[in-house]
Amino acid sequence: MLRRIFWLLFAFSLAGMAASSLALFAGPSTEVALWSDWSFLGLSRPRWEALHYGMGLLLTLSGLISLFTGASRMMALPTGDAEDRYGAQTAKAWLTAIVIFVVLLLASVLMLPPGGTLVHMASGLKSWHAKSFGEPPLAGAASMTPTELAKRLSLDPAKALTNLAAHNVKLSSPDATITEIARQNGLAPAAVYETLRGGKDPRLPAAPAAPVAEAPKPQAAPAPPQLPADPPPGLGRLKLADVCEQYGLNLNGAVDKLAKSGIKASGDMTLRQIAQSNLMLPIEVYDALRGAPAQTQAPVSAPAAPAPVPAPPVPATPALPATPPVVEQPQPGTAPGAPAPVPGQVTQPGTPQAPAPAAPIVAPEGLERMTLAAFCRDHTIDTAQALAKLKAKGIVAFSDMTFRELAVENNLTAQQVMDLIVK
């Protein structure tokens with residue numbers, strides 16, 4: 001009775017495990033599923049994952065118990081004349097099972113069929129889902145508050161909240177995440193994001209519209225499509241083919257333009273991948289794609305010291321009796337914090353005081369989640385110079401990359417990446 005119960009549990013959990021595996025295999029990734037509010041058979045991806053783990057645990061326990069309770073009966077040796085024949089069959093069964101297990105194990109580790117094929121199929125399905133449903137602008141965007149997401153995307157937080165209120169999107173609390181707001185208003189997180197940004201995509205702004213002629217008169221040929229002068233945040237995550245399609249550029253012409261600049265690229269590569277494969281900064285790839293000259297950092301030299309002004313000649317005065325030295329009072333306009341005059345020393349008016357040393361930049365709270373562009377903006381640092389400093393250390397970076405991404409890709413900590421920028 002007990003052995004039969006566990007055998008049935010093993011069969012039922014195997015069916016549940018197969019169904020959940022199929023849903024997770026063919027469904028979108030976790031980020032895309034949460035962003036688009038994807039569901040299958042009424043279950044979201046987190047619920048399918050919970051079902052998968054639960055059925056896997058039940059399958060393992062019931063299988064182990066069934067194995068232990070039935071192993072003695074399965075492996076029992078017969079008596080009499082059939083003992084030799086049964087021993088030979090058992091040896092063949094063990095050998096066959098071990099060979100099949102080892103072959104599949106090695107093939108999966110080496111990414112060979114069938115395991116490697118399934119991995120490529122799952123990756124292709126998830127890429128298709130990402131193009132169909134859309135991807136979040138940042139990793140973990142669904143779990144951010146509207147204010148935090150607006151800051152990360154260089155949007156005005158006050159305007160973002162105003163856009164939500166104008167479209168009757170209710171916020172339960174100021175700390176409510178995008179997912180919670182979407183659930184409360186019956187929307188997908190992607191729809192909340194579209195409302196928040198007010199129809200203006202910070203990752204990929206629309207190309208400027210061509211002027212419309214008011215009267216039929218001869219006009220010059222319209223200007224060819226052109227990329228904006230400043231690359232929008234997140235552009236490095238897009239493929240070259242997607243960028244050309246959005247801005248009306250010819251893909252083959254863009255590849256040829258990059259090739260003339262000595263940059264190897266293809267349509268299925270992102271701008272970040274193109275920069276990494278050619279050991280360049282992403283801004284250099286973007287400038288080459290626009291046809292603009294590459295931006296080079298001119299060496300910063302110290303400003304030339306002003307020529308000394310000769311002091312006016314002092315007319316000779318007759319000798320006077322010795323008098324105590326006069327201590328000059330501080331002149332109006334003296335910089336605050338200037339050292340007090342030493343008794344007996346006469347100071348010249350207008351003498352420049354040495355500037356106080358600049359205070360070191362302290363790592364802000366949440367540095368790992370902060371983008372490089374946001375950090376440079378908050379600390380008045382030129383983003384191009386920051387990228388050049390990282391490139392000098394062999395680090396290829398984008399302005400929309402977070403310090404955590406830079407740290408993980410280069411085996412550093414977020415604090416070390418910040419030190420490379422500010423020093």
Side-chain angles (χ1 to χ4, degrees), residues 19-20 22-54 122 125-206 232-238 242 246 365-366 368-371 373-374 400-402 404-405:
S20 61
L22 180 61
L24 296 178
F25 171 80
S29 62
T30 303
E31 288 285 340
V32 176
L34 293 176
W35 190 247
S36 60
D37 198 20
W38 174 88
S39 64
F40 178 66
L41 297 180
L43 299 179
S44 62
R45 183 176 177 89
R47 296 182 184 275
W48 276 113
E49 291 178 350
L51 177 64
H52 184 74
Y53 296 148
L125 288 172
K126 286 173 173 52
S127 299
W128 179 79
H129 283 300
K131 292 181 179 179
S132 301
F133 299 126
E135 294 181 284
L138 295 172
S143 60
M144 297 180 184
T145 63
T147 302
E148 183 181 3
L149 181 60
K151 290 181 179 179
R152 294 284 299 276
L153 295 176
S154 301
L155 298 175
D156 186 5
K159 185 177 180 181
L161 296 177
T162 303
N163 292 335
L164 293 177
H167 291 81
N168 297 324
V169 178
K170 300 179 181 179
L171 277 71
S172 58
S173 67
D175 297 331
T177 62
I178 299 295
T179 302
E180 296 172 351
I181 298 173
R183 187 182 301 113
Q184 180 185 2
N185 293 271
L187 302 171
V192 177
Y193 165 69
E194 293 293 332
T195 306
L196 178 147
R197 67 181 178 85
K200 178 182 179 182
D201 193 346
R203 295 185 303 160
L204 200 58
L235 191 68
R237 302 176 186 269
L238 298 179
D242 296 336
Q246 180 67 24
E365 183 179 357
E368 292 186 352
R369 301 190 304 271
M370 183 177 292
T371 61
D400 64 320
M401 294 180 67
T402 63
R404 182 179 181 181
E405 293 174 341

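By convention here, the first residue in the shown sequence is residue 1.
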Sub-4.5 Å side-chain heavy-atom contact between H129 and S29: no
Looking only at heavy atoms, the pair that brings P28 and A33 closest together is CG-CB, 3.9 Å
Side chain to side chain contact (heavy atoms under 4.5 Å, CB included) between W35 and E135: does it pass, once the steps are laid out? CA-CA 7 Å; W35 190 247; E135 294 181 284; 6.0 Å; no
What is the distance from atom CG of L43 to atom CG of L51, rounded to the nearest 0.5 Å? 7.0 Å
Partners of E148 by salt bridge (Lys or Arg N to Asp or Glu O under 4.0 Å), sequence neighbours excluded? R369
Is the backbone of E405 close enough, under 3.5 Å, to the side chain of T402 for a donor and an acceptor to pair up by distance? yes
Using side-chain heavy atoms (C-beta onward) and a distance below 4.5 Å, is Y193 in contact with L187? no
Could you report the tightest heavy-atom contact between F40 and W48, atom names first, then the distance? O-NE1, 3.0 Å
What's the separation between atom CG in D156 and atom NZ in K151, rounded to the nearest 0.5 Å? 10.5 Å
Point-to-point distance, once rounded to the nearest 0.5 Å, from CG of L34 to OG of S143: 9.0 Å
Kindly compute the distance separating NE2 (H52) from CZ (F25), expressed to the nearest 0.5 Å. 12.5 Å
Before you tell me yes or no, could you show the steps for T371 and R152 under side chain to side chain contact (heavy atoms under 4.5 Å, CB included), namely the whole-Å CA-CA distance, both residues' side-chain angles and the distance that decides it to 0.1 Å? CA-CA 7 Å; T371 61; R152 294 284 299 276; 3.6 Å; yes
Side chains of I178 and P136, heavy atoms from C-beta outward: is any pair under 4.5 Å? no
Any non-hydrogen side-chain atom of P146 less than 4.5 Å from a side-chain atom of L171? yes
How long is the span from the CG atom in L149 to the CG atom in L196, to the nearest 0.5 Å? 6.0 Å
Test item: L24 and R45 side chains (from C-beta on) under 4.5 Å apart, heavy atoms: yes
Is there any side chain to side chain donor-acceptor pair (under 3.5 Å) pair reaching into residues 160-183, and which pairs are they, with sequence neighbours excluded? none
Test item: N185 and V192 side chains (from C-beta on) under 4.5 Å apart, heavy atoms: no
Flag the pair T30 / E49 as yes when at least one side-chain heavy-atom distance between them is below 4.5 Å, and no otherwise. yes
At what distance, to the nearest 0.5 angstrom, does CD1 of I181 lie from CG of L164? 6.5 Å
